[in-house]
Amino acid sequence: MEPIIKIENVTKKFPEGEGEFVALKNINLEFQEGEFSGIVGPSGSGKTTLLNIIGSLDQPSSGNAWVMDKNVAELSHKESAQLRNLHLGFIFQVYNLLPVYTVFENVEFALLLQNKSKEERRKAVMQALEWVGLENIPNKKPSKLSGGEGQRVAIARAMVKEPKIVLADEPTANLDATNAHAIIQTMKKLNEELGTTFLFSTHDEKVMQYLNRIIHLKGGEVEKDEIITAQNPKS
Amino acid sequence: MIQFILKGIVRDKNRSLLPIIIVALGVTLTVFLSGYLGGVFQDVIQQNARFETGHVKIMSKAYAQNKDQLPIDLALLETDKLKDELQAEYPNMRWVQRIKFGGLLDVPDDDGNSRSQGPAAVMAVSLLSENSQELDRLNIRNSIIKGTIPTKNGEVLISNDFADKLEIDIGDEITYVGGTMYGSMAFQNYTISGTVKFGNIGFDRGAVIMDISDAQQILNMENGATEILGFFNNEQYQSESAEDIVKNFNAQYEKSGDEFAPEMQSLEDQNGLGEILAYSNYMSQIIVTVLILAMSVVLWNTGLLGGLRRYKEYGIRLALGESKGSIYRKSIIEAILIGAIGSIIGTLFGLIATYYMQEVGLDISDLLNQSSMIMPSTIRAKIIPSQLYIGFIPGLVAMVLGNMLSGMGIYKRETAHLFKELEV
Ligand SMILES: Nc1ncnc2c1ncn2[C@@H]1O[C@H](COP(=O)(O)OP(=O)(O)OP(=O)(O)O)[C@@H](O)[C@H]1O
Ligand SMILES: [Mg+2]
């Protein structure tokens, strides 16, 4: 099967003082549709940089990054926005909800960009809120939410358009153990039910135990690519 | 989507309040200043219109050419007929006859010898006729210092300062010494019924106001007048109508070689009032331009601050798949909405302030006591139609301009850079 994400000799350099800093060195990776995998590694190892490239928020300095048969390295601003809009969902360490809008409106926003009708939007939003167990508080403001609830809204927002790929950058870093487990379990369930491909970056042991595959990054290089077969997560 | 933006504006006070206040303030100022200027200039023009130029004025062609010398020998004759014709043809105006002439006033003592003397400018208007509007138009009732308005022929008003100079009082007799329109000498005694002060240096120095029939009699100018003035029924000058009437009227006499044929001039053709009107427009434009520039700079900066504050939001929207162009366009739409709200509020406040200054006015008579300027003693603003857009459009433009400038900076940033804000 064609991989849904294919990273080919990707190098990313950032200008630093006079010279440049190499954040990613010649990375080669492939992800199949439906994977539930994670990138782990110490701070500064390039996890976010790699996720940003896959998310077409950034472009590689050299090499190719194929996402849903589109080469991120060659996309225009507009095309990459289109790719994100239709196929990619993002979850961040901080939930990054728009503070002036309600839970419902935050989740709805992605659909507004797709010009969905009001009824379609309402259905999809309520469905997504149900997935994360927040169907009872659509009208709350983000400031009134607990950390766990906030991150659930972020998941609903990422999932509402039923994207092919969800990129989650340290989604549990700000959560306590109970909430972290709940969040991961929610995502795992969506992965199984909808077939959505999940790619995490994480330091979190609790996350790692749910993953099917762990890619170890160090100093911008893939140190180890570990496939984990059928394993029962311990709690 | 517009709904979504509107919600954002309404709920996020930081996003909307400051810019709305700035726009509203600038627009209020613009609207009020233009109403204020409009009022002041209009007062100057109105005074001139009432005392001098009318909204339109008809003189004989020859008189018009020498009008500074007040050449009564070149007066219009058969003016009653002409006035009736005018009234029939242009019913939206009121037509009045006036005579202006000069002469010497002599104050006799008990023995009939001259006690004091002075040159006088006489304005003869319809004072005694029952339905005369001139009393109101010249605001004579309120300008009387001592005595009363003449009630019969042979009574005149004299400017208060002039009376002081000649050391005469109401009830005293004065002798007019001058000539008729045919050049022979003329003497006539008049009784002073009252003294007046108009707050107008030209008039207050040495004027006599008498009824037009007295003037016609002494000047031998039966059924004549040096000028016929036309005033729009609502007493407001209307530039375009006036020009039309002037063109229309003058066309009838264009080919006439008769130097006594009537000629009409509009207010703008006389006394440099056209320039004053142009100047007041020019001043308004300068004020508007300066205020737009100032508002734009301030709004540019608030836009920048707002933009910085909203990097995070832009990052989220980018991640959700909104294009930079769309974010930029929506921030412009936001600016238009905010600009419109601010401009509406500003226009309203500006109009209210103007209305207050129109109805109540600012009394500066104490300031003017020592001054000899020809100015109304109460400054009044004036609500004018252009106030509806003169502030509104600049307010909107400034807001949008400010936002475009600040948005440009954000637009140029790398996506990844904006996105970095999300990690904090
Ligand atoms: N825009 C940038 N300009 C310069 N250097 C950058 C930029 N973005 C990342 N870097 C550098 O690249 C390296 C990798 O950064 P990255 O954010 O990918 O690390 P990370 O693995 O996500 O770390 P963490 O676990 O702390 O989130 C870091 O040393 C960082 O300083
Ligand atoms: Mg990171």
Side-chain angles (χ1 to χ4, degrees), chain A residues 12 14 23 47-49 51-53 55-60 72 75-102 104-115 118 121 141 154 157-158 160-161 163 167 169-170 173 201, chain B residues 1-20 305-331 333-334 337-338 341 407-424:
Chain A
K12 179 69 184 178
F14 292 110
K47 304 185 292 293
T48 299
T49 307
L51 281 189
N52 281 355
I53 288 172
S56 77
L57 290 165
D58 210 348
Q59 298 202 322
V72 170
L75 294 183
S76 69
H77 272 307
K78 232 186 162 135
E79 289 165 332
S80 64
Q82 181 88 343
L83 175 69
R84 289 195 295 275
N85 186 13
L86 293 177
H87 302 302
L88 300 179
F90 290 84
I91 298 165
F92 313 97
Q93 176 175 339
V94 276
Y95 328 121
N96 283 321
L97 302 176
L98 300 174
V100 295
Y101 297 102
T102 63
F104 186 95
E105 287 160 353
N106 264 282
V107 177
E108 186 188 21
F109 184 78
L111 300 177
L112 280 173
L113 293 173
Q114 293 182 352
N115 293 321
K118 193 170 171 140
R121 296 199 304 264
K141 283 284 176 60
R157 179 177 64 187
V160 70
K161 54 192 180 183
L167 302 169
D169 196 355
E170 318 215 22
S201 105
Chain B
M1 198 41 127
I2 291 277
Q3 221 179 340
F4 189 81
I5 296 173
L6 259 176
K7 277 183 205 158
I9 294 176
V10 173
R11 291 181 198 165
D12 185 355
K13 298 286 180 296
N14 282 325
R15 189 185 304 181
S16 46
L17 214 56
L18 187 62
I20 285 178
L305 288 178
L308 286 174
R309 228 170 42 80
R310 291 174 69 191
Y311 263 19
K312 187 164 153 174
E313 178 194 330
Y314 294 146
I316 298 167
R317 286 163 63 175
L318 280 172
L320 288 175
E322 191 168 357
S323 68
K324 269 189 183 177
S326 158
I327 290 177
Y328 187 62
R329 279 193 299 278
K330 265 169 217 149
S331 75
I333 293 178
E334 259 184 47
L337 288 172
I338 288 175
I341 294 170
M408 221 98 91
I410 295 164
Y411 194 67
K412 282 206 198 104
R413 298 265 298 236
E414 286 297 310
T415 304
H417 233 105
L418 277 169
F419 204 64
K420 261 223 139 356
E421 311 287 321
L422 299 184
E423 289 175 49
V424 198

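Labels below follow one simple rule: chain letters A, B, ... track the order of the sequence lines, proteins then strands, and each chain is numbered from 1.
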Would you call E313(B) and R317(B) a salt bridge, using N to O less than 4.0 angstrom? yes
For chain B, find which of V100(A), L88(A), L86(A) contributes the most heavy-atom pairs closer than 4.5 angstrom. V100(A)
Chain B contact via T102(A) - which portion, at a heavy-atom distance below 4.5 Å: both
K13(B), part contacting chain A, at a heavy-atom distance under 4.5 Å: neither
I'd like to know which of Q59(A), K161(A), R157(A), Q114(A) tops the heavy-atom pair count under 4.5 Å against chain B. R157(A)
Is a side-chain donor or acceptor of N52(A) paired with a backbone partner of L57(A) at a separation under 3.5 angstrom? no
Is there a donor-acceptor pair under 3.5 Å between the side chain of E322(B) and the backbone N or O of A81(A)? no
Could you walk me through whether R11(B) and Y101(A) pass side chain to side chain contact (heavy atoms under 4.5 Å, CB included), step by step? CA-CA 8 Å; R11(B) 291 181 198 165; Y101(A) 297 102; 4.0 Å; yes
